[in-house]
Amino acid sequence: MFNASQELLNTAATAPAGQTGAQILEEMDLHYNDAMGRDMADLYERVKSVIPPVEWPFFAPYIKAINQLKREKNAVILAHNYQTPEIFHGIADVAGDSLQLAIEATKAEGDIIVQCGVHFMAETSKLLNPEKTVLIPDMGAGCSLAESITGADVRALREAYPNVPIVTYVNTSADVKAESDVCCTSSNAVKIVEGMGTDRVLCIPDEFLAQNIARETDVEVIAWKGRCEVHELFTPEELQQYRNDDPGLKIIAHPECKPSVLEEADFSGSTSAMIKWVTDNQPDRVLMVTECSMSDNVAVENPNVNFVRPCNLCPHMKQITLPKVLETLVYERQAVEVDASVAVKARQAVERMIALSA
Ligand code: 13P
Ligand code: SF4
């Protein structure tokens, strides 16, 4: 009988480093066949509205092998809402927004965490689980916000604004978190800013998120100049055009968009808050002003809602693919490490956020 995971383990022992997932797959003869199609029919039935039949024979063997292997290796897969549907619905044990993934990381029971998301998310999981192996399928999965600021920048800000608390978006490196007083995500930012108990806070590095928080609080919010390369592309003009063409359309937007974009929206919130809004409101037609894959993921659970795009792709999130997840699990490589002295302070900032947002 075909045993994909045993073959994977055998391959892991002998495969030379640097071998790609595609090569491993070829050697393991993980081909789609009728029996596999029948085995996985229930899953395909769920996702068939967002995964075309022509793509399923490519995804199914990987999904099956990854799910078997993660059980054998006692691994848990965390996936952000922007992951593609075959990852989100096929292999994730936990899916969610940045805050949910950070919280779930504290509860992860496996020996290995595979983070299907970008590097700062894997670093956050490592901070909260220093004793666990945290793997990321592609070390190059970055984030324009995380790259917009360094630890040295934060130290300079602290000197320029003594006694002003520094609230740092989780979309940052561990170095930056370590220099901060507390972290926040898009779902708890206002609460965290107000929780500082001061008249002024620095809210870094996303300038649009900072401006959007400022609209919802009396606290003076001082921003940095970082931007999400995906959300900054949306304009109020394009949303007005969609609304003019379809007055019944509901528009919901992520707070990494410009304030002028949020002004055109019926609702704004974190990725999970957007999903909840669609689930609760069941709009006939909705435009989710955020990363592309999220509409696909939400559409699976909401067959009566029509999703109108535009959407923009996050090239970093899209670095994560099934073959790379398989390869990462097979070799247990691409482990994320955080320097111990940095980790202690960065962990405090994340844990303080979790405590304040409880
Ligand atoms: P959420 O915390 O809302 O999931 O956002 C993370 C992110 O990277 C959005 O671009
Ligand atoms: Fe970073 Fe934007 Fe991609 Fe989110 S969507 S990971 S903020 S670049």
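First listed ligand is number 1; within each ligand, the first listed atom is number 1. Not measured: the values here are computed from a predicted model. Starting from 1, each residue takes its place in the sequence as its number.
- For H254 and E291, the side-chain atoms include no donor-acceptor pair closer than 3.5 Å.
- Near L145, the atoms of ligand 2 lying under 4.0 angstrom from a non-hydrogen atom of the residue are 7 (S).
- Note on V190 and L202: separate hydrophobic clusters, where clusters join Ile, Leu, Val, Met, Phe, Trp and Tyr whose side-chain heavy atoms are under 4.5 Å apart, directly or indirectly.
- Scanning all protein heavy atoms for the shortest distance to atom 3 (Fe) of ligand 2 gives C314 SG, 2.4 Å.
- The proximity of E256 to ligand 2, defined as any non-hydrogen pair under 4.0 Å, is limited to the side chain.
- The closest approach between any non-hydrogen atom of H80 and ligand 1 is below 4.0 Å.
- With hydrogens and angles ignored, the 3.5 Å screen pairs a side-chain donor or acceptor of K258 with a backbone N or O of F234.
- At least one side-chain heavy atom of M317 sits under 4.5 Å from a side-chain heavy atom of M121.
- Atoms of ligand 1 found under 4.0 Å from any heavy atom of N171, numbered from 1 in the order shown, are 7 (C), 8 (O).
- Under the 4.5 Å side-chain heavy-atom criterion for ILVMFWY residues, no single connected hydrophobic cluster contains both V298 and V308.
- The shortest side-chain heavy-atom distance between L135 and I113 does not fall under the 4.5 Å cut-off.
- Between S186 and ligand 1, at least one pair of N/O atoms sits closer than 3.5 Å.
- E256 OE2, 3.2 Å is the protein heavy atom nearest to atom 9 (C) of ligand 1.
- Checking only distances, T185 never comes within under 3.5 Å of ligand 1, N or O to N or O.
- Under 2.8 Å from atom 2 (Fe) of ligand 2 lies no N/O/S atom of H231, from backbone or side chain alike.
- The atoms of ligand 1 that sit less than 4.0 Å from any heavy atom of H231 are 10 (O).
- Numbered from 1 in the order shown, with element, the atoms of ligand 1 that lie under 4.0 Å from a heavy atom of D97 read 1 (P), 2 (O), 4 (O).
- A side-chain donor-acceptor contact under 3.5 Å links S144 to the backbone of E229.
- Heavy-atom contacts of S270 reach the following atoms of ligand 1: 3 (O) (cutoff under 4.0 Å).
- E220 places none of its side-chain heavy atoms less than 4.5 Å from the side chain of D199.
- Scanning the protein heavy atoms around atom 2 (Fe) of ligand 2, the nearest turns out to be C228 SG, 2.3 Å.
- In this structure, E238 contributes its side chain and T235 its backbone to a donor-acceptor pair below 3.5 Å.
- Residue-ligand proximity: H254 is placed with a non-hydrogen atom under 4.0 Å from ligand 1.
- Close approach of ligand 2 to Y82 is summarised as follows: ligand atoms under 4.0 Å from at least one heavy atom of the residue are 5 (S).
- Atoms of ligand 1 lying under 4.0 Å from any heavy atom of S98, numbered from 1 in the order shown and given with element: 1 (P), 2 (O), 4 (O), 5 (O), 6 (C).
- Atoms of ligand 2 found under 4.0 Å from any heavy atom of S144 (numbered from 1 in listed order, with element): 8 (S).
- For the pair F120/T172, no side-chain contact is recorded, criterion being any heavy-atom separation below 4.5 Å from C-beta on.
- Contact annotation for E291 and ligand 1: no heavy atom of the residue comes within less than 4.0 Å of the ligand.
- Within the 2.8 Å limit, C143 places at least one N, O or S atom next to atom 1 (Fe) of ligand 2.
- Listed by atom number, the atoms of ligand 2 under 4.0 Å from N171 heavy atoms are 7 (S).
- None of N297, T290, D97, T271 except one satisfies the side chain to side chain donor-acceptor pair (under 3.5 Å) rule with Y82; the exception is T290.
- Aromatic ring pairs are classed by plane angle as parallel below 30°, tilted from 30° to 60° and perpendicular above 60°; the pair W277 and F267 is parallel.
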